[in-house]
Asks: 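Before we start, here is the structure in question, set down as structure tokens.
Reminder, nothing fancy here: chain letters follow the sequence lines and each chain counts from 1. What you see is a predicted model; the values in this text were computed from it and never measured.
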Amino acid sequence: MQELTDAGLPVGPTAAVDGPAELLDQLAAGHRLLWDTTSLTYPALVGAGIRVERCHDITLTERILLGRQGVFGAPCSARAVHARATGTPVPDDPVRTEASAEPTLFEPGAADERAEAAPVDSIEVMRVALVDQLRRIDHDRALGLLIAAESASALAAVEMGSTGLPWRAEVHLGLLDSMLGPRPRAGERPTRLAQLAAEINDAFGFPVNPDSAVDLRAAFRRVGFDIDTTRSWVIKDLAHPAVASVLTYKELARVHTANGWNWHDEWARDGRFRPEYLPGGVVSGRWATRGGGALQIPRALRAAVVADPGHRLVVADAAQLEPRVLAAISKDPALQAVSADADLYTALADDGFGGDRAHAKLAMLGAMYGQTSGEAGRLLDTLRRRYPAAMQCVQDAAHRGERGEVVRSVLGRACPPPSDGWREVVEWGSRQDATDPERKRADQFARDRGRFTRNFVVQASAADWAAVWLSGLRRDLTQVPGAELVFFQHDELIVQVPIESAELVADLSIRAARAARDLVFPGSVVSTPVRPVIVDCYADAK
DNA sequence: TCAAATGGCGCC
DNA sequence: AAAGGGCGCCATTTGA
């Protein structure tokens with residue numbers, strides 16, 4: 001047990017916790033728990049009805065700290081940190097056994113692996129690891145904040161995975177029936193898809209399997225359309241009678257395979273959808289999920305997310321977070337001014353795009369993603385003129401990436417360095433003649449990485465902000481009986497709350513966003529507003 | 001025959 | 001000159 005201040009510094013004694021009674025005492029005293037890996041230890045506590053307010057997750061912290069040293073993918077357990085700190089051989093990380101996996105029979109060693117996955121409980125190992133991490137954090141305020149938010153996110157992730165997102169089976173199954181027809185036998189096409197497939201065959205005049213991109217492309221080529229991909233946005237512009245059926249087929253087939261009856265069987269048990277959330281699972285610091293595609297719930301199915309009786313959903317999203325984050329990290333005066341507006345894109349449009357919001361948005365997204373072709377490319381000049389500092393900021397990040405350097409988020413999360421293979425290609429190719437294929441390949445590699453680092457500074461800083469926002473709101477929600485975080489997706493979260501507390505929670509989400517702005521961008525005038533909506537059903541939120 | 005790669009598309 | 005970021009998941013295709 002170790003208490004840390006909010007700045008990530010130790011103030012209390014170190015002591016092992018013996019047994020549940022002492023654990024409860026320590027929790028009641030408001031101590032911050034120190035442990036190896038939240039996702040391994042905390043689920044059992046949550047299952048026992050114990051809620052931890054604050055923790056320090058050594059593994060997640062180590063991932064951030066090692067990343068800043070340019071190391072990715074190395075073992076990050078307390079034992080590994082201890083080993084590196086003491087100059088002893090670094091053990092492999094414990095094998096992660098998936099909670100959702102079927103028990104494996106007849107697999108020698110599986111039980112041993114599970115035993116190894118038990119969290120490290122040696123207090124001395126953890127003490128040494130913590131001291132080493134604090135030394136490396138070195139009183140860096142931003143980094144301490146990032147690490148505190150990462151650990152808090154880990155708690156929230158376990159709690160959300162346990163609580164689950166309310167999911168009404170009858171609504172979901174009703175939608176499937178209306179879109180696809182009755183549930184087919186295993187391996188068969190739903191009736192609606194079978195109909196569409198027949199229409200597609202008729203329109204072409206020969207059999208085509210719309211599930212096969214190869215087959216579909218060959219079919220369109222055979223009738224005179226020289227396409228090299230069957231993406232919807234290409235198909236939609238072709239003048240052929242099969243087009244409408246193909247597009248509808250693709251849309252419905254996607255629902256069937258991604259969120260159809262099989263998905264429902266596997267993921268939507270007991271009125272809840274319980275994915276496994278992985279904070280920091282993306283290099284930018286965004287969360288990932290394992291199972292169920294939780295971060296890609298299609299809009300068409302959000303009607304199935306309905307609050308329990310007597311409850312409401314507070315759906316809060318940070319409006320246009322990424323351009324606001326760009327304004328904050330670049331300190332571009334004009335973009336900061338524009339970001340004062342509740343609708344940044346409208347203000348942007350009025351500021352230089354003749355009131356054309358769609359163009360303004362396209363240009364801004366293109367600038368952050370590194371797009372330079374097409375419409376967005378043509379609009380880039382306007383942005384460069386109006387917001388030179390902001391454009392310089394992403395341009396610098398791109399150049400650093402092209403040169404093989406790394407970039408960091410506002411709170412200090414580092415992007416991975418390029419691979420050895422990348423360096424070889426780029427170094428060799430850059431010495432060749434401009435027309436040499438090796439040179440072209442090298443330039444391509446460099447540009448690709450430039451786009452990645454260009455986007456990283458914005459996406460990762462936005463993730464910093466979102467983690468602090470989520471952490472702050474989670475803490476505040478402990479004051480609201482019955483309020484539960486049930487979903488988090490990059491810049492949007494959902495709290496299920498008793499009706500009488502909905503307004504309060506909506507307000508808390510706004511305050512937490514303001515607090516996150518002040519913590520992540522101290523002194524910045526850029527606002528990062530959230531707009532909570534109180535609804536019964538997720539589909540009504542937008 | 002099976003694992004890895006690919007194509008496509010959902011979300012931000 | 002040219003340059004579309006990050007994911008997870010499914011069915012199909014490819015390759016050993």
Asks: Is the closest basic N to carboxylate O distance between E150(A) and R63(A) below 4.0 Å?
Replies: no
Asks: When you check the phosphate oxygens OP1 and OP2 of dA11(C), does a side-chain N or O of S212(A) lie under 4.0 Å from one of them?
Replies: no
Asks: Decide, applying a 5.5 Å centre-distance limit and a 30° plane-angle limit (both strict), whether Y369(A) stacks on dG5(C).
Replies: yes
Asks: What is the distance, to the nearest angstrom, from the CZ atom on R439(A) to the P atom on dA3(C)?
Replies: 17 Å
Asks: Students should find this one: the first and last nucleotides of DNA chain B, 5' to 3', lying under 4.0 Å from a heavy atom of chain A. What are they?
Replies: dG7(B) to dC12(B)
Asks: To the nearest Å, how far apart are W263(A) CH2 and dC10(C) P?
Replies: 11 Å
Asks: Taking CZ from F273(A) and C1' from dG8(C), how many angstroms apart are they, rounded to a whole number?
Replies: 11 Å
Asks: Would you indicate which nucleotide in dT13(C), dG8(C), dG5(C) comes nearest to any side-chain atom of V214(A)?
Replies: dT13(C)
Asks: At under 4.0 Å between heavy atoms, what does R217(A) touch on the DNA or RNA strands: base, sugar-phosphate, or nothing?
Replies: nothing
Asks: In whole Å, what is the span from the CG atom of D448(A) to the P atom of dG5(C)?
Replies: 7 Å
Asks: Find the distance R378(A):CZ to dG4(C):C1' and express it as a whole number of Å.
Replies: 15 Å
Asks: Answer yes or no: does a side-chain N or O of R451(A) lie under 4.0 Å from OP1 or OP2 of dG4(C)?
Replies: no
Asks: Quick one: label S284(A) by what it contacts on the DNA or RNA (base, sugar-phosphate, nothing), any heavy atom closer than 4.0 Å.
Replies: nothing
Asks: Using a strict 4.0 Å threshold on nitrogen-to-oxygen distance, state whether R439(A) and D443(A) make a salt bridge.
Replies: yes
Asks: If you measure from the Lys or Arg side-chain nitrogens to the Asp or Glu carboxylate oxygens, is any gap between R183(A) and D265(A) under 4.0 Å?
Replies: yes
Asks: Think T289(A) has a side-chain N or O under 4.0 angstrom from the OP1 or OP2 of dC7(C)?
Replies: no
Asks: Pick the closest DNA chain C nucleotide for N455(A) and for R447(A) by heavy atoms, then say which residue is nearer the 5' end.
Replies: R447(A)
Asks: Once you round it to whole Å, what is the distance between P of dG4(C) and CZ of F452(A)?
Replies: 17 Å
Asks: When you check the gap from the basic side-chain N to the acidic O, do E375(A) and R378(A) get nearer than 4.0 Å?
Replies: yes
Asks: Checking all strands, does Q459(A) fall into the base, sugar-phosphate, or nothing category for heavy-atom contacts under 4.0 angstrom?
Replies: base
Asks: Would you indicate which nucleotide in dG8(C), dG5(C), dA11(C) comes nearest to any side-chain atom of A288(A)?
Replies: dG8(C)
Asks: Can you tell whether the side chains of D317(A) and R531(A) come within less than 4.0 Å, N to carboxylate O?
Replies: yes
Asks: Looking at R192(A) and E251(A), does any basic side-chain N land under 4.0 Å from a carboxylate oxygen?
Replies: no
Asks: Is it the case that T346(A) and D343(A) place a side-chain donor and acceptor less than 3.5 Å from each other?
Replies: yes
Asks: What contact category does I297(A) fall into here, base, sugar-phosphate, or nothing, at under 4.0 angstrom with non-hydrogen atoms?
Replies: sugar-phosphate
Asks: Once you round it to whole Å, what is the distance between P of dA3(C) and CZ of R441(A)?
Replies: 18 Å
Asks: Which part of the nucleic acid, if any, lies within reach of R454(A) when heavy atoms closer than 4.0 Å are counted: base, sugar-phosphate only, or nothing?
Replies: nothing
Asks: NA contact type, G291(A), heavy-atom cut-off 4.0 Å: base, sugar-phosphate, or nothing?
Replies: sugar-phosphate
Asks: Rounding to an integer number of angstrom, what distance separates dC12(B) and dG4(C) when you compare their C1' atoms?
Replies: 15 Å
Asks: Using ring centroids (six-membered ring only for Trp), state whether W469(A) and F488(A) fall under 6.0 Å.
Replies: no
Asks: How long is the line joining CG of N209(A) and C1' of dA11(C), in whole Å?
Replies: 9 Å
